[in-house]
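Since the structure comes first, as structure tokens, the remarks are kept for the end.
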Amino acid sequence: MQNQDKAILIIGAGNIGRGVIGSLFYQSGYKLVIYDIMAERMKKLAEQGKYLVERVGEEKTQRIIVDNFEVLDCSDTKELIERITTIDLVACCVYEGAFESICKNISEAIKRRVTVGKSYLNVLLCVNALGAPEYFNKQIENNLVQNAEALNYFHNNVGICQVLVGTAGLPSPKELLAADPFAVTTRLGGYVGIDREHFKGQFPEVESVSRVEKANAQIYRKVYTGNMKHTMTAFMGKAKEYEFIADCNKDPYIQKCVTEAFYEAEEAIQREFNFSSKERQDWINGILNIKNTKLKDPISRVAANPMGKLSYHNRFVGPALMCIKHHIVPFYLARGIAYGFLYRDEEDQESIDITNYVQEKGIENAIDKYCGLKEEDWLLKELVKKHYEEAKYRKSLQGE
Ligand SMILES: NC(=O)C1=CN([C@@H]2O[C@H](COP(=O)(O)OP(=O)(O)OC[C@H]3O[C@@H](n4cnc5c(N)ncnc54)[C@H](O)[C@@H]3O)[C@@H](O)[C@H]2O)C=CC1
Ligand SMILES: O=P(O)(O)OC[C@H]1O[C@](O)(CO)[C@@H](O)[C@@H]1O
């Protein structure tokens with residue numbers, strides 16, 4: 001019997017919203033209230049009334065049907081704001097482009113929550129974007145600056161919480177999608193960690209969802225080491241014309257390079273954030289021992305949005321500069337960046353634009369443009385340039 005009092009509003013009903021957050025909260029008795037801007041698709045989801053989540057592990061696969069949800073009207077934001085006013089738990093499972101409008105809607109709802117006397121609201125930022133809580137806090141404060149009561153409520157009653165989503169979510173294989181276009185496949189055995197420090201009120205009891213300490217340090221560690229390694233695997237795998245991450249994981253050269261890059265970034269993170277030796281070892285073991293030979297995770301998904309991924313604050317340049325700050329040479333991280341400039345998928349416009357730019361203006365200009373490196377970052381630039389030439393050469397040998 002589901003407890004109808006427990007509800008979570010999910011903004012962004014994609015792989016993570018539906019597949020990871022949605023299915024875990026559903027299994028713990030929560031009703032899902034779903035909002036997404038894809039109007040037609042959401043209409044179909046509402047009509048279908050259920051969807052499949054497949055969790056793929058090494059030994060077994062789990063399948064569950066999620067059927068306790070409501071889909072909100074997205075023709076305008078009226079219903080969304082109404083629901084943020086009454087539901088106390090909101091999960092944002094979107095990319096950065098959606099942050100501004102979500103902050104606007106949360107701000108409107110906060111004004112109303114004051115008048116209806118609602119207590120705590122927690123906003124779970126289920127994103128890999130760095131600095132998301134800071135952005136939300138600043139944006140909402142700015143929106144409420146003229147309303148002292150709402151601003152006060154925001155400071156005292158609203159938790160803006162980073163969430164570490166340590167579970168890949170991807171569209172299911174074709175066979176499953178043919179039967180259910182909303183099916184999502186995830187990795188069995190991942191985790192979801194919610195920032196404990198900023199959470200207000202009673203913490204949700206949901207299996208596989210835990211509280212985490214030092215969430216800010218943890219999200220940097222996750223993105224700079226785990227997500228970096230994953231993306232570098234995809235960039236290098238594409239150069240060898242593999243299709244899935246599991247294929248790249250069998251390639252000794254790729255494995256060597258991404259593991260070395262992981263250790264460089266991990267060492268920099270350690271010097272920056274000073275995790276305990278147990279926290280450190282658990283993390284290294286957790287990332288290096290992930291086994292997902294059964295998960296058909298396409299390179300095209302993992303490498304998607306290469307412009308964002310190669311940008312200054314993101315998962316390659318970020319740790320590489322952190323390495324330099326801590327006197328570590330980011331040799332392999334620079335190789336990861338170089339393979340990013342070689343990454344081309346004819347269905348991925350960003351990758352086409354980047355590689356065309358390299359072709360026309362040269363790698364040096366491309367590094368400046370996409371990585372945003374400055375004069376003083378000459379060492380990283382030089383490393384990327386040299387790795388790029390070598391990567392291009394290695395790729396040319398494959399054709400022979
Ligand atoms: N897929 C994965 O394995 C993981 C993803 N993440 C993070 O989770 C977030 C979501 O990723 P995915 O679910 O994979 O992406 P996705 O593309 O499958 O889902 C995002 C959804 O957000 C919707 N959306 C866009 N703008 C919106 C708006 N203004 N309001 C409401 N909905 C909006 C889109 O229509 C889409 O359905 C990203 O920040 C990603 O970095 C984190 C860990 C794992
Ligand atoms: O597109 P982004 O921001 O890399 O987010 C998705 C990534 O997050 C991960 O699940 C790891 O957190 C990867 O599997 C996936 O590629």
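Keep in mind that the numbers below use all heavy atoms, side chains included, and drop hydrogens, waters and symmetry copies. All residue numbers refer to positions in the sequence shown, counting from 1. Atoms within each ligand, like the ligands themselves, are counted from 1 in listed order.
Considering backbone and side-chain N/O atoms, Lys222 never comes within less than 3.5 Å of an N/O atom of ligand 1. For ligand 1, the polar-atom distance check finds no N/O of Val127 at less than 3.5 Å from any of the ligand's N/O atoms. The shortest N or O to N or O distance between Val94 and ligand 1 is under 3.5 Å. Residue Ala98 has no N or O atom closer than 3.5 Å to an N or O atom of ligand 1.
Ligand-side atoms of ligand 1 in range of Tyr35: 30 (N), 31 (C), range being under 4.0 angstrom from any heavy atom. Counting atoms of ligand 1 from 1 in the listed order, those under 4.0 Å from a heavy atom of Ser101 are 29 (N). Residue Met38 approaches ligand 1 through these ligand atoms, each under 4.0 Å from one of its heavy atoms: 35 (O), 37 (O). Short contacts between ligand 1 and Ala168, defined as distances under 4.0 Å to a heavy atom of the residue, involve ligand atoms 3 (O). Numbered from 1 in the order shown, with element, the atoms of ligand 1 that lie under 4.0 Å from a heavy atom of Thr167 read 3 (O), 44 (C).
Every heavy atom of Ile102 sits 4.0 Å or more from the atoms of ligand 1. The closest approach between Cys126 and ligand 1 falls below 4.0 Å for a heavy atom of the residue. Under a 4.0 angstrom heavy-atom cut-off, Arg41 registers as lying outside contact with ligand 1.
The backbone of Cys93, and not its side chain, has at least one atom closer than 4.0 Å to an atom of ligand 1 (non-hydrogen atoms only; backbone = N, CA, C, O). When heavy-atom distances to ligand 1 are checked against a 4.0 Å cut-off, Glu96 has no atom that comes that close, whether in backbone or side chain.
Under the side-chain contact (heavy atoms from CB on, under 4.5 Å) rule, Val90 has a single partner from Val158, Leu121, Asn122, Leu124, which is Leu121. The only option from Phe316, Tyr388, Tyr339, Phe341 that meets the ring pair (Phe, Tyr, Trp, His ring centres under 6.0 Å) definition with Phe235 turns out to be Phe316. Partner Glu266 forms a salt bridge (charged side-chain N to carboxylate O under 4.0 Å, His left out) with one of Arg280, Lys222, Arg271, Arg221 and no other, that one being Arg280.
Atom 34 (C) of ligand 1 has its nearest heavy-atom neighbour, among Asp36, Ile11, Val302, Ile10, in Asp36.
Of the charged side-chain nitrogens involved, at least one lies within less than 4.0 Å of a carboxylate oxygen, so that Glu346 and Arg344 count as a salt-bridged pair. Ionic pairing of Glu260 and Lys256 is present here: one or more N-O contacts between side-chain nitrogen and carboxylate oxygen are shorter than 4.0 angstrom. Of the charged side-chain nitrogens involved, none lies within less than 4.0 Å of a carboxylate oxygen, so that Asp36 and Arg41 do not count as a salt-bridged pair.
A cation-pi contact, defined as under 6.0 Å to the ring centre and within 45° of the axis, is absent between Lys6 and Phe25. Cation-pi geometry between Lys214 and Phe273 is not met at under 6.0 angstrom from the ring centre and within 45 degrees of the axis.
Between the side chains of Asp353 and Gln349, at least one donor-acceptor pair of N or O atoms lies under 3.5 Å. For the residue pair Glu350/Asn305, the side-chain donor-acceptor check at 3.5 Å is satisfied.
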